[in-house]
Amino acid sequence: MKQDFFEIVSNERLTGNVMELVLRGDTSEIAVPGQFVNIKLDGFFLRRPLSVCNCEQGANAGASCGAMAGKSEGMLTLIYKIVGEGTRALAEYKAGEMLDLLTGLGNGYDISKSGDEPLLIGGGAGVPPMFLLCRNLIAAGTKPTVILGFNSKAEVFYENEFKSLGARVIVATADGSYGVRGFVTDAMKDILYSYTYACGPEPMLRAVYEKAACGGQYSFEERMGCGFGACMGCSCKTKYGSKRICKDGPVLEKEEIIW
Amino acid sequence: MVDSKTAEEKMINIADAGMCSTEVVLSGVILDNPIIPASGTFGYGYEFAEIYDINCLGSLSFKGTTREPRFGNALPRIAECTAGLINSIGLQNPGVEKVISEELPKLRACFKKPIIANICGFSIDEYAENSALLDKEEQVEILEINVSCPNIHNGGMTFGTEAKMAAEVTRAVKKVTKKPVYIKLSPNVTDITEIAKACEAAGADGISLINTMLGMRIDLNKKKPVIANKMGGFSGSAIFPVAVRMVYQVHEAVKIPIIGMGGVASARDAIEMMLAGASAVQVGAANLVDPFASKKIVENLPKEMAKYNITSLREIIGGAH
């Protein structure tokens, strides 16, 4: 975990209520996909946790002298849905403004278990962490398939970004206005895969859990206090005892999940 | 004008030279400085030791301990408020035996200062039993008896809202330990001085206050309480004036030392709390927003003392009376 200030490079609308926030700052603490950052906003007591969508480590990583010693000016992309007062306030921030972030939070995805043909499933606001995961899985030589689930065509984002990584991409919309009609589980039919990685609303996670025959890792969301394991606000029960979504999660192994 | 500025500069020089004293004493236990992370906001310290050397702190009060392991209350357990938050954790902890066998060794590995054990219970016997077990831990130098947790039924706060019950818990714990016993009181009472006096008469060595204030938030979309348990404990900067007032009142009512807490977020707040009558100060909710909060308060103390012409923190305790 690290606390640092990040400069906003851009903060733009992707769809109706989904924003893409690009930040410049010290990303050295962000180690694996599926981790999150916790953002302090003026006028709000608690920080806002947002999952890491993409992260580029800075060229200065490892610099041992000069102004950049110990710093890594990297780029960080976060995607968030405007759902409450906090995210509404975040959407008002402009390029050039600074944000106070805690980075390197949470236990992310382990790509070593993926097998050759992993299946990545993101639903709505659960799509963003799949991006860095997909990038890393491709870099590791696997052939991922990505299923992106949305309610309708108007909500679809990042389809082309995933395609440009070189992944096979299937979009499912609940109302059938784009891609496969139905839920992400409808799009899972006829696909062969070695492992599943999922992030999305809990009913989606559970449906994927029940449909997938193989092992997998599932990322959960919970209302957090601190975001780094101190307050026990986001504890959940697993087969291996209680775990904190913010510190021991948000990614849990399929075999430990209790619904 | 010129004179006062010179004086201020002189004080800053004293602070720089390390000539100001932040040392405080709690019932014979000497602390390098009065800053103590509050129970439930700092785990068992080792999460924070990953990001800084926590030995800069005066002491540390670890997560409230019950006899049996507890998962705590249903989720959601957190609700944000203006300048604070409501929590309804419900004393999640691994139970006293595992705290002693698993958590305390990890805490000892990263923290060499006196430790405050925060102890809870669902019966007088349980308070005494947990206290007897934690009393045997060498590094535990103070027992802080939590009779004020608002998040559990048939326990916790019910012992701290009645003077007779609080006194009974105090007596039972005093019987099983020679270490200083501090009773942590609830602000959710009509007259906190009456309860503090009852604890003092029953043999308490000190008083910790305030625990969280009972609060509630309602989700306008769902039109239901945000917290699954409906109510929870409100903490954060918003409650600071209430805490200062209660510390001030209790300082007038009892002779035993007070650990003051409730919304402390800066060195300035800590000094204010001590002027009200606190011998040491706990930092709670601030740790959850800024994991470096307690460390920053310790570091800023000498500078802030210099600003107000304070050379020794021990000398300002209760100074506002």
Side-chain angles (χ1 to χ4, degrees), chain A residues 1-5 28-29 31 37-49 82-89 100-107 202 220-250 258, chain B residues 37-38 40-48 50-52 63-64 69-94 98 151 219-221 226-228 232 234-238 263 265 284-294 296:
Chain A
M1 173 167 63
K2 213 171 205 177
Q3 181 183 20
D4 216 343
F5 287 88
S28 60
E29 203 66 11
V37 300
N38 217 355
I39 308 181
K40 182 87 185 86
L41 300 174
D42 288 341
F44 293 89
F45 191 76
L46 295 175
R47 290 171 180 267
R48 262 56 189 176
I82 300 172
V83 286
E85 289 170 33
T87 41
R88 199 167 300 126
D100 171 356
L101 264 70
L102 291 176
T103 58
L105 302 177
N107 168 47
E202 204 166 303
F220 287 81
E221 196 173 47
E222 195 45 72
R223 202 177 272 265
M224 293 176 187
C226 62
F228 50 88
C231 74
M232 316 301 270
C234 60
S235 298
C236 69
K237 287 176 184 165
T238 75
K239 287 178 187 163
Y240 308 137
S242 74
K243 292 204 168 183
R244 298 157 296 182
I245 291 297
C246 70
K247 178 84 180 179
D248 311 305
I258 300 174
Chain B
T41 65
F42 216 73
Y44 300 91
Y46 52 82
E47 312 282 8
F48 289 81
E50 287 174 21
I51 54 167
Y52 71 88
K63 178 81 187 159
R70 285 179 58 82
F71 173 74
N73 293 332
L75 276 65
R77 300 172 173 186
I78 300 283
E80 189 178 44
C81 309
T82 305
L85 77 151
I86 294 173
N87 89 80
S88 154
I89 309 301
L91 288 173
Q92 179 174 356
N93 81 100
K98 273 203 172 162
N151 290 322
D219 183 320
L220 297 195
N221 287 316
V226 173
I227 296 229
F234 179 36
S235 64
S237 322
N287 295 315
L288 306 180
V289 186
D290 177 2
F292 297 95
S294 291
K296 286 178 189 165

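Chain naming here is simple, since letters A, B, ... match the order of the sequence lines and numbering starts at 1 in each.
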Closer than 3.5 angstrom, by distance alone: can the side chain of R223(A) be matched with the main-chain N or O of R77(B) as a donor-acceptor pair? no
Less than 4.5 Å apart, any side-chain heavy atom of E85(A) and any of E80(B)? no
Are side-chain heavy atoms of F45(A) and C81(B) found at a separation under 4.5 Å? no
dist M232(A):CE -> I78(B):CD1 (nearest 0.5 Å) comes out at 11.0 Å
Do you know which of A83(B), P69(B), G40(B), P76(B) has the most heavy-atom pairs with chain A at a distance under 4.5 angstrom? A83(B)
Might you work through the salt bridge (Lys or Arg N to Asp or Glu O under 4.0 Å) test for E50(B) and K2(A), ending with a clear yes or no? CA-CA 10 Å; E50(B) 287 174 21; K2(A) 213 171 205 177; over 6 Å; no
Chain A contact via I51(B) - which portion, at a heavy-atom distance below 4.5 Å: side chain
To the nearest 0.5 Å, tell me how far L75(B) CG sits from C236(A) SG. 8.0 Å
Heavy-atom distance under 4.5 Å to chain A: side chain of F292(B), backbone, both or neither? side chain
Apply salt bridge (charged side-chain N to carboxylate O under 4.0 Å, His left out) to K243(A) and list each qualifying residue two or more places apart in sequence or on a separate chain. E256(A)
Rounded to the nearest 0.5 Å, what separation is found between the SG atom of C231(A) and the CZ atom of F42(B)? 13.5 Å
Has E47(B) got a side-chain atom pairing as donor or acceptor with F228(A)'s backbone, closer than 3.5 angstrom? no
Quick check for you: among A79(B), G84(B), A285(B), G43(B), which has the greatest number of heavy-atom pairs under 4.5 Å with chain A? G84(B)
Proximity breakdown for S237(B) and chain A, heavy-atom pairs closer than 4.5 Å: both
Looking at residues at least two apart in the chain, or sitting in another chain, which of them share a side chain to side chain contact (heavy atoms under 4.5 Å, CB included) with T41(B)? A38(B), N287(B), L288(B)
Please examine the side chains of L102(A) and D290(B), heavy atoms only from C-beta on, and report whether any two atoms are closer than 4.5 Å. no
With only heavy atoms counted, which part of K237(A) is less than 4.5 Å from chain B, the side chain, the backbone, both or neither? both
Closest heavy-atom contact between S235(A) and F71(B)? O-CZ, 3.6 Å
How many angstroms lie between CE in M1(A) and OH in Y52(B), if you round to the nearest 0.5 Å? 9.5 Å
